[in-house]
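Quick note: residue numbers are just sequence positions, from 1. Only heavy atoms go into these numbers, but all of them, side chains included; no hydrogens, no water, no symmetry mates.
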Amino acid sequence: MKRGLRARFFAALLPALSREHVGLSEPWRKKLLGSLAGKVLEIGPGTGINLAYLPDGVYWLGLEPNPHLHPWLETALRQRGVLGEVLLGQAEEIPLPQESVDAVVATLVLC
């Protein structure tokens with residue numbers, strides 16, 4: 001399966017899976033993300049499922065290695081009204097200056 005096709009399949013499937021398991025994931029997402037402030041870096045945001053749980057005023061940076069998911073993330077940012085940007089890269093080499101973010105988030109990406 002080509003990479004772009006895999007990305008579209010994953011992006012289409014993830015919301016359905018998340019809704020099915022919302023009772024399990026929503027409380028911990030709210031707890032993890034609900035008190036963040038300032039500039040937040042999310043490593044491997046996928047389709048942007050965590051954007052719904054960010055408090056107002058957060059500036060979000062999504063470090064996503066798969067460029068085929070970037071359009072999904074940009075759409076999710078606009079739809080949720082979250083200020084931020086999508087960065088191409090991997091956690092092993094974050095394209096940001098040291099100490100330039102207030103928090104780093106990684107959920108279901110390092111497994």
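Under a 3.5 Å cut-off, the side chain of His70 and the backbone N or O of Leu88 do not form any donor-acceptor pair. Side chain of Gln90 to backbone of Glu92: no donor-acceptor contact under 3.5 angstrom is found. In this structure, the side chain of Asp102 does not engage the main chain of Val40 through any donor-acceptor pair within 3.5 Å. Remark: side-chain polar atoms of Thr75 are paired, donor with acceptor, to backbone N or O of Pro71 under 3.5 angstrom.
Follow the hydrophobic side-chain contacts under 4.5 Å out from Val58 and you reach Leu77 in the same cluster. Leu63 is connected to Val101 through a chain of hydrophobic side-chain contacts under 4.5 Å among Ile, Leu, Val, Met, Phe, Trp and Tyr, so both are in one cluster. Under the 4.5 Å side-chain contact rule for hydrophobic residues, Val86 and Leu54 share a cluster.
The side-chain heavy atoms of Leu61 and Leu96, taken from C-beta on, include a pair separated by under 4.5 Å. The side-chain heavy atoms of Thr107 and Val105, taken from C-beta on, include a pair separated by under 4.5 Å. Contact check for Arg29 versus Ile49: side-chain heavy atoms found under the 4.5 Å cut-off.
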Could you go through Glu26 and Lys30, starting from their C-alpha distance and side-chain angles, then the distance that decides it, and tell me whether this counts as salt bridge (charged side-chain N to carboxylate O under 4.0 Å, His left out)? CA-CA 6 Å; Glu26 189 171 18; Lys30 284 181 178 180; 3.5 Å; yes

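Contact record, Pro55 with Leu33: CD-O, 3.3 Å, taken as the closest heavy-atom pair. Contact record, Val109 with Ile43: CG1-O, 3.5 Å, taken as the closest heavy-atom pair. Listed here is the closest heavy atom pair of Ala76 and Leu51: CB-CD1, 3.6 Å. Pro45 and Trp60 make their closest contact through CB-CZ2, 3.6 Å (heavy atoms, listed as atom of the first residue, atom of the second, distance).
Residue Leu87 holds its CG atom at 10.0 Å from CD1 of Ile94, rounded to the nearest 0.5 Å. Leu73 contributes atom CG, which lies 8.0 Å from atom CD of Glu42 (distance to the nearest 0.5 angstrom). Taking NZ of Lys39 as the reference point, atom CG of Leu83 lies at 12.0 Å (rounded to 0.5 Å). Between Leu36 atom CG and Asn50 atom CG the span is 9.5 Å, to the nearest 0.5 Å.
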